[in-house]
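Reminder, nothing fancy here: chain letters follow the sequence lines and each chain counts from 1.
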Amino acid sequence: MTSTAPLAPAAPDSKPGRGRRLSVGPSWGLLPFLVFIGIFLLIPTVTVVVGAFQNEAGGFSLEKVQALGGDTPLRALRQSIVLSFTSALVGAVLGALLAYLVVTAPPSSILRRAVTSICGVLAQFGGVTLAFAWIATLGFSGLLTDLMANAFGTDPNGSSWLYELPGLILVYSYFQIPLMVIVFLPALEGLRPQWREAAVNLGATTSQYWLQVAFPLLRPAFLGSALLLFANAFAAYATAAALVSQGAPITPLLIRSALTSEVVLGQANFGFALALEMIVVVAIVMGLYAWLLRRTSRWLG
Amino acid sequence: MSGAWVWRVSRWLLLLAFAAFFLLPLVALLDFSTAVPRTGGRTGAAWQSLLEDPQMTAAIKTSLLLALFTVIGMVVLLVPTMIWVKLRVPRATRLVEFLCLLPLTIPALVIVVGIKNVYAWVTYLVGDSAMTLTFIYVVLVLPYAYRSIDAALSSIDARTLSEAARSLGAGWFTVITRVITPNIWPGVLGGAFISVALVLGEYTVSSLLNYETLPVVIVLLSKSDAPQSMAASLASILFAAALLVVLSFLDRRRRTPGGK
């Protein structure tokens, strides 16, 4: 990070002759931070990117990246995208609805405080505990399993679909909806009542206001939040790992098998290629998100 | 006025539906962790074993210690850097922000895949223990801590404060630790709370590096003693919830006096 060094003299408040340590250059103060980030974030990332283009001997090779086109990785990627897309769609629509139900309550109300707190926990804490919550609900001798078995005579051994793609979509929605509430609430709060009054004064009906004023204003924020949800689901690992203990239906779990299996030699480098695939997908989605966010802030900042 | 009435009823029905969806799995956890198989009776054995099972208590201790070290590491690394950038190197603001938010784009899973070489050195230098996870956790909590501290730092006039302190003869160390930091304390505390919640729930890194933190042990135990791992799951969700509720009250206290 040598680029920061020449910045020092330009700092507006640097007064020459004051302070004994000024001669060292204030940019040096950033060194510990930059070194730490370099070691524990940038080096691993570079290792992944470089490793994806290396063969076992360490030379350049496209072998691993080409292997991404194989049957298993492609199926995992497709399932991952289906899972991320579906859970993002469900999360975005239902989350936006819940956010609207909450935003119509006054900011200090218990309802709003409770919903935002619960959403904060479920969206950020997540991980394995949520997987177990659903196993306790729909798995073997789960709460809902027993209730349904008694009432409708369904399979008392639990729902096997819970451990497959449909189950993952359900459990992912359980943290996607709360995340949507958290990221979409500020946009809804930015919707000024004056705009509605202006529309009504000009003779707009409620549906006209929603279709022609509110929805177009909220669309970038909605799409941006949905993209964030997509990236969140695509990068998620813990919930799926706890739910699916064998097999690798989605890309993150395929990375797990590449890391932990010692059967096939060179799997570690294939893990690099899979991780690179993950970086690329998430980076594209987050790039779109940042672009949409800039458009949103023009109106609903 | 029937339209308003319909809206009010459907609003509460929808809220009830959401509440049922979100609370049902938590109730199921409670039910599963206290049920006696086949008899319909209740038992607190699973909850009691959280405090008695040596593997579980060791895991809880590990996770709590990790949370503590991560918070210390985050505060020591991030707070002085952010204050320094604000006061002395404002042109590095974008760079530091970019680096702090980068872990949102680079999933933890990717960091684990690439960390092997770095980790060989870490374990060589400081020994092989679960506490080495602290380094990665500090990176993982950066985006959340950064936002929290940044909000606090932009709400005070750091430059005036530091100039006042400097003109009274304070050195930079005093300015950072005794003048600016106390003023952004709520933001630092907020970042610390979120960090604790994130570390206590972290599974990706610890499981793939084979360290027995609380979530890892919850998964391990689920095969042999399901009720106990359900109890531990619910307990950790409730603990994180309590942390974030306290945080939301801190947040309110910070907002009210300023009236932003």
Side-chain angles (χ1 to χ4, degrees), chain A residues 4 7-8 10-14 21 26-27 29-30 32-33 36-37 39-41 43-45 47-48 51 97-98 101 104 113 116-118 120-122 124-129 132-134 136-137 141-144 174 235 237-238 241-242 252 255-256 259 271-272 275 278-279 282-283 286, chain B residues 11 14-15 18 22 24-29 31-32 37 77 81 84-85 87-92 95-96 99 102-111 113-115 117-118 135-136 139 159 172 194 197-198 201-204 207-208 215 218-219 222 229-230 233 236-237 240-241 244-245 248:
Chain A
T4 55
L7 299 178
D13 68 333
S14 58
R21 265 164 282 176
S27 297
L30 299 183
F33 174 77
F36 189 88
I37 293 288
I39 292 176
F40 290 102
L41 182 61
I43 289 183
T45 312
T47 309
V48 165
L97 178 64
L98 181 56
L101 294 176
T104 44
R113 188 172 293 281
T116 46
S117 299
I118 294 175
V121 176
L122 295 180
Q124 290 173 337
F125 187 65
V128 297
T129 50
F132 282 112
W134 281 99
T137 312
S141 80
L143 183 62
L144 213 55
Y174 193 67
Y237 167 82
I255 295 181
R256 171 177 71 178
L259 283 182
F272 288 145
M278 204 165 185
I279 298 180
V282 176
M286 292 299 281
Chain B
R11 177 165 179 266
L14 282 169
L15 280 172
F18 275 114
F22 284 117
L24 180 67
L26 301 180
V27 174
L29 274 180
D31 175 65
F32 201 108
L77 186 72
T81 304
W84 193 248
V85 166
L87 295 177
R88 304 300 310 274
V89 217
R91 285 181 66 178
L95 174 74
V96 171
L99 289 174
L102 205 54
L104 292 180
T105 312
I106 300 175
L109 190 52
V110 171
I111 299 180
V113 174
I115 200 94
N117 292 337
V118 173
F135 296 109
I136 308 182
V139 170
R159 179 150 302 154
W172 283 111
I194 298 178
L198 286 172
E202 208 287 328
Y203 176 74
T204 309
S207 70
L208 289 172
I218 288 179
V219 173
S222 68
S229 71
M230 299 293 180
S233 293
S236 49
I237 290 179
L244 294 188
V245 166
S248 83

The interface call for A:Thr104 against chain B, heavy-atom contacts under 4.5 Å, is both

Close side-chain approach of A:Pro44 and B:Ile115, heavy atoms under 4.5 Å | yes

Chain B heavy atoms under 4.5 Å from A:Ile37: which part of the residue, side chain, backbone, both or neither?
-> side chain

Let me know if B:Leu208 has heavy atoms under 4.5 Å from chain A in its side chain, its backbone, both or neither.
-> side chain

Can you find a heavy atom in the side chain of B:Leu29 that is under 4.5 Å from one in the side chain of A:Thr137?
-> no

Are B:Tyr203 and B:Ile218 side-chain neighbours, meaning at least one heavy-atom pair lies under 4.5 Å?
-> no

Okay, B:Val118 and chain A: the region with an atom under 4.5 Å from a heavy atom over there is side chain

Go through the steps for A:Leu143 and B:Leu24 under the test side-chain contact (heavy atoms from CB on, under 4.5 Å), then give the verdict.
-> CA-CA 9 Å; A:Leu143 183 62; B:Leu24 180 67; 4.1 Å; yes

Heavy-atom side-chain contact between B:Pro107 and A:Tyr237 under 4.5 Å = no

Chain B contact via A:Leu101 - which portion, at a heavy-atom distance below 4.5 Å | both

Which answer fits B:Leu109, side chain, backbone, both or neither, if we ask what part of it has an atom under 4.5 Å from a heavy atom of chain A?
-> side chain

Under a 4.5 Å heavy-atom cutoff, which of A:Val282, A:Ile279, A:Leu98, A:Ile43 has the most pairs with chain B?
-> A:Leu98

State, yes or no, whether a side-chain contact exists between B:Leu99 and A:Phe33 at a heavy-atom distance under 4.5 Å.
-> yes

Side chains of A:Phe272 and A:Thr47 in contact at under 4.5 Å (non-hydrogen atoms) = yes

Scored by heavy-atom pairs under 4.5 Å with chain A, the best of B:Val245, B:Val27, B:Asn117, B:Ile106 is B:Ile106

Proximal component of B:Phe18, with respect to chain A [non-hydrogen, under 4.5 Å] = side chain

Please flag which part of A:Phe36 lies under 4.5 Å from any non-hydrogen atom of chain B: side chain, backbone, both or neither.
-> side chain

Sort out for me which of A:Thr129, A:Thr45, A:Ile255 touches chain B most, counting heavy-atom pairs under 4.5 Å.
-> A:Thr129

Assert top hit (heavy-atom pairs under 4.5 Å, partner chain B, pool A:Pro32, A:Ala241, A:Gly29) equals A:Gly29

Keeping the roles fixed (side chain from B:Trp84, backbone from B:Val89), state whether a donor-acceptor pair exists under 3.5 Å.
-> no

